[in-house]
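Read the structure below first, then the notes.
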Amino acid sequence: MGIPEKKKLSSSKTASIVDLIQSAVIAAIQELYGETIPAEQAAPTVTRKEFEGDYTIVTFPFTRFAKKKPGEIAEELGAHLVKNVPQLTRFNVVQGFLNLVVADSFWSDFLLQIADNQDFGRAPKNGQKVMIEFCSPNTNKPLHLGHVRNILLGWSCSQICEAAGYEVKKVQVINDRGIAICKSMLAWQKFGDGATPESTGTKSDHFVGDYYVLFEQKFQEEYKAWQAGAGQQVLGEKRKADQSDEQFFKDFKNTYFNEYSQLGGEAREMLLAWEAGDPATKALWQRMNQWVYDGFEETFVKLGVSFDKYYYESETYLLGKDIVEQGLASGVFYKKDDGSVWADLTDAKLDHKVVMRSDGTSVYITQDLGTAQMRYQDFGTEKMVYVVADEQNYHFQVLFEILKRLGEPYAAGLHHLSYGMVDLPTGKMKSREGTVVDADDLIAEVIEEAREASKERGEIAELTKAEQEDILRKIGLAALKFHIIKVTPQKRMVFDPKESVDLQGQTGPHIQYAYVRIKSVLRKASDLGFRIADFGLGGAGTVELPISIEPQERELIAQLYRFPAAVQTAAANYDPSEIANYCYDLAKAFHRFFTDLSILKAETEEAKAFRLQLCAAVANVLKTGMGLLGIEMPDRM
RNA sequence: GGCCCCGUAGCUCAAUUGGAUAGAGCACCUGACUACGGAUCAGGAGGUUAAAGGUUCGAGUCCUUUCGGAGUCACCA
């Protein structure tokens, strides 16, 4: 699925230097050796830093038909290219690697074109629509670190797709029904004594979560009492001799909940009442869920994310039955004697999968089948991305396979953006052991860390309180977000809270600092009477460009040049970490440039103008790039 | 046990999709402008890419086996 997209990609870019070289190589090989080579073999790669050059062609594959040594081919090819492509000034050959040097004028022309283009890197609309589902919480507990990774991936992915030219719909599915929320409801009803988030001053989703925890506590207490009394006989029969209390409870918990527990019985009654549409139960359910939504919304705002549409499982959990009928008719599904309906996916190595119970009710995957159809009707998106943890890999393989067999029109555009779970240095996050990292706590913590660091520096002390708070929020969140997004989604990651608040090194604030340095220089330049417009391309005071470019400048410009392609591949791979790493590399290159070369005290007026242009362009790309990750840039810090 | 994913410096992560001497940051050591912001920069040390075979001009990347770790295999969601 990813391969055709990549091909489409390179053909859609027009007149880029990369394409220019590529087609020139194909033509040259044809001319020199009479062989037509596939485009991949002519694709230039970026030259490694330790060699002179901008792009490299690997000549080893050509030995087969050229009947020459790689080095000789490289020499011939290099000479031919430099002669025929005006943008190439010279070349050198190392082993079989042909390093091509792009003319300074090409780079400086390019820089002038983008220096004041705020939209550089954003592609025009491509007419395609993509839906991205992310977050998808339960309503019985507040958001935690796992949700944070999910939300950041989903959000940045949506921003990247938008920049790549797609129309994006951001949706989430909220699991608002089932036994879990009934537990919170019951606990509140029995022990809440009419308390509300307002009356207790608790953030409303935490308020509801606290009752879920309370239920579990009371349930445990009830079990302990039962264990010592009425349950002794049952336990004597079921418990194996070598099992510890804890081990046994783990296995036995569900049975106890369903068959013996008073609280469990009441919770199940509540669920039945809910399903029967009992008004009082519905009202309570409505009220408590609303508290949760209000709390979630606060967290979303803090994280700077929003959604276009919310789907509620209470409204979708019955969907999908007509799909089952449809699949039975077309032979995608089959019916067993007991009336249950199955999909046979053994030829796709996915085994048999039930899609409808023998009592005619739907299962989880049936609901997903129905929801997919419903969304397609809602938005007509030919691509749908599900941002869901990798523990559901199998589920999505099955879901997509079935949709494909059903011949759904969007089936080819389905993608599971699977991401690894977040581990803590102490191991896995476990709610039972209290080792979950709460999203709100985490956000507060990183902002505090930014405050401490800022206090020592004293750079923003003279700003108003509100301005300071805004900056600290941007810095703290940049640290947190970048720390999470920079990791390839697919990989499981270790989250060390100490490292997440680091402000130095490979971090969000390090990149923000590059931006702040630029803003500071530009302010100073403006104070000295310089205005970008005065030395811009075609401006009244156009300054002639320097003929030669310093290596640090060259590296920066070449880096800027890659930005649009980076956006496109990040979108094609649904991988925000590529943008994160791009931004870091760019910031790093800028810091080096900044310390090595003087800007306002440059050797000539031309060099000064050129470098200011470069600064403006870098600031622009940093702001756009980090914006794609949901990270804001402060002007000072 | 079947299927699937992962294993790179002490730690956290890269590696332009098969290319050159495997790179960054943290931590450790050394150094830098009376300069546009030191949340910076330069340098040092740190690697048998879990192991062994194979494919080829070339393998961290592809294939096979082994070891280690995670996930999943409900008429739960």
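Quantities reported herein were computed from a predicted structural model and do not represent experimental measurements. Each chain gets a letter, A, B and so on, in the order its sequence line appears, and its residues count up from 1.
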Presence of donor-acceptor pair under 3.5 Å, side chain of [X] and base of [N]:
| X | N | value |
| --- | --- | --- |
| A/T63 | B/C57 | no |
| A/T56 | B/A20 | yes |
| A/N573 | B/U17 | yes |

Rounding to an integer number of Å, can you tell me how far [X] [atom1] sits from [N] [atom2]?
| X | N | atom1 | atom2 | answer |
| --- | --- | --- | --- | --- |
| A/L472 | B/A39 | CG | P | 15 Å |
| A/I471 | B/A39 | CD1 | P | 15 Å |
| A/L350 | B/U72 | CG | P | 16 Å |
| A/D596 | B/G38 | CG | C1' | 15 Å |
| A/E499 | B/A24 | CD | P | 19 Å |
| A/Y394 | B/G2 | OH | P | 16 Å |
| A/Q392 | B/A74 | CD | P | 14 Å |
| A/D575 | B/U16 | CG | P | 12 Å |

Please answer whether B/A20 and A/F97 are stacked, defined here as ring centres separated by less than 5.5 Å and planes angled under 30°. yes

Aro-ring/base stack A/F60-B/G58, d under 5.5 Å, angle under 30°: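 So A/F60 does not count as stacking on the base.
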
Whether [X] contacts [N] is assessed here as follows: a side-chain N or O lying under 4.0 Å from the phosphate OP1 or OP2. Is that the case?
| X | N | result |
| --- | --- | --- |
| A/Q490 | B/C6 | yes |
| A/K491 | B/A14 | yes |
| A/R177 | B/A77 | no |
| A/K588 | B/G25 | yes |
| A/R592 | B/A24 | no |
| A/R48 | B/G23 | yes |
| A/H510 | B/C41 | yes |
| A/R357 | B/C76 | yes |
| A/T488 | B/A14 | yes |

Is there a donor-acceptor contact under 3.5 Å linking the side chains of A/D502 and A/T507?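 Not at all, the side chains of A/D502 and A/T507 share no donor-acceptor pair under 3.5 Å.
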
Whether the A/Y334 and A/H352 side chains hold a donor-acceptor pair (N or O, under 3.5 Å, no angle test) is what I'd like checked.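 A/H352 and A/Y334 do have a side-chain donor-acceptor pair below 3.5 Å.
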
For the [atom1] atoms, the ones on [N] and on [M], what distance do you get once it is rounded to whole angstrom?
| N | M | atom1 | result |
| --- | --- | --- | --- |
| B/A51 | B/A22 | P | 15 Å |
| B/G46 | B/G10 | P | 11 Å |
| B/C41 | B/G25 | P | 8 Å |
| B/U66 | B/A74 | C1' | 33 Å |
| B/U56 | B/C63 | C1' | 13 Å |

When we call it a touch if two heavy atoms are under 4.0 Å apart, what does [X] touch: a base, just sugar-phosphate, or nothing?
| X | answer |
| --- | --- |
| A/P70 | nothing |
| A/Q397 | nothing |
| A/Q504 | sugar-phosphate |
| A/I365 | nothing |
| A/N99 | base |
| A/Y317 | nothing |
| A/I179 | nothing |
| A/F594 | base |
| A/Q512 | nothing |
| A/V58 | base |
| A/R636 | base |
| A/M421 | nothing |

Could you say whether A/V46 or A/V94 is positioned toward the 5' end of RNA chain B, judged by the nucleotide with the nearest heavy atom to each? A/V46

First encountered from the 5' end of RNA chain B, between A/D502 and A/H483: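 By nearest-heavy-atom nucleotide position, the 5'-most residue is A/H483.
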
Check [Y] with [X], please: is the shortest side-chain N to carboxylate O separation under 4.0 Å?
| X | Y | result |
| --- | --- | --- |
| A/D527 | A/R523 | no |
| A/E555 | A/R592 | yes |
| A/E216 | A/K253 | yes |

If you check every side-chain atom of [X], which of [options] has the closest atom?
| X | options | answer |
| --- | --- | --- |
| A/K349 | B/U12, B/C3, B/A70 | B/C3 |
| A/L503 | B/U72, B/C41, B/A39 | B/A39 |
| A/Y513 | B/G38, B/A20, B/U17 | B/G38 |
| A/S340 | B/C75, B/U40, B/U17 | B/C75 |

Lys/Arg cation over aromatic A/F257: A/K183, 6.0 Å, 45° cone: yes

Would A/R177 count as a cation-pi partner of A/Y317, with NZ or CZ less than 6.0 Å from the six-membered ring centre and within 45° of the ring normal? yes

Which heavy atom in A/V446 sits nearest to a heavy atom in A/L477, and how many Å separate them?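 In this case the closest contact between A/V446 and A/L477 is CG2-N, 4.3 Å.
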
A/R357 side chain vs A/V363 backbone, donor-acceptor pair below 3.5 Å: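 Flag not set: sc A/R357 to bb A/V363 has no pair under 3.5 Å.
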
Ignoring hydrogens and angles, tell me if any N or O in the side chain of A/T316 forms a donor-acceptor pair with the backbone of A/L319 under 3.5 Å.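 Not confirmed, A/T316 side chain does not pair with A/L319 backbone.
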
Taking the ring of A/Y574 and the ring of A/Y419, is the distance between their centroids below 6.0 Å? no

Between A/H415 and A/F396, does the ring centre distance come in under 6.0 Å?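 Ring centres of A/F396 and A/H415 not closer than 6.0 Å.
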
Anti or syn - B/U17, cut at 90° from 0: syn

In RNA chain B, stems of three or more consecutive pairs, Watson-Crick or G-U, each with both distances under 3.5 Å, turn out to be B:1-3 with B:71-73, B:5-7 with B:67-69, B:10-13 with B:23-26, B:28-32 with B:40-44, B:50-54 with B:62-66

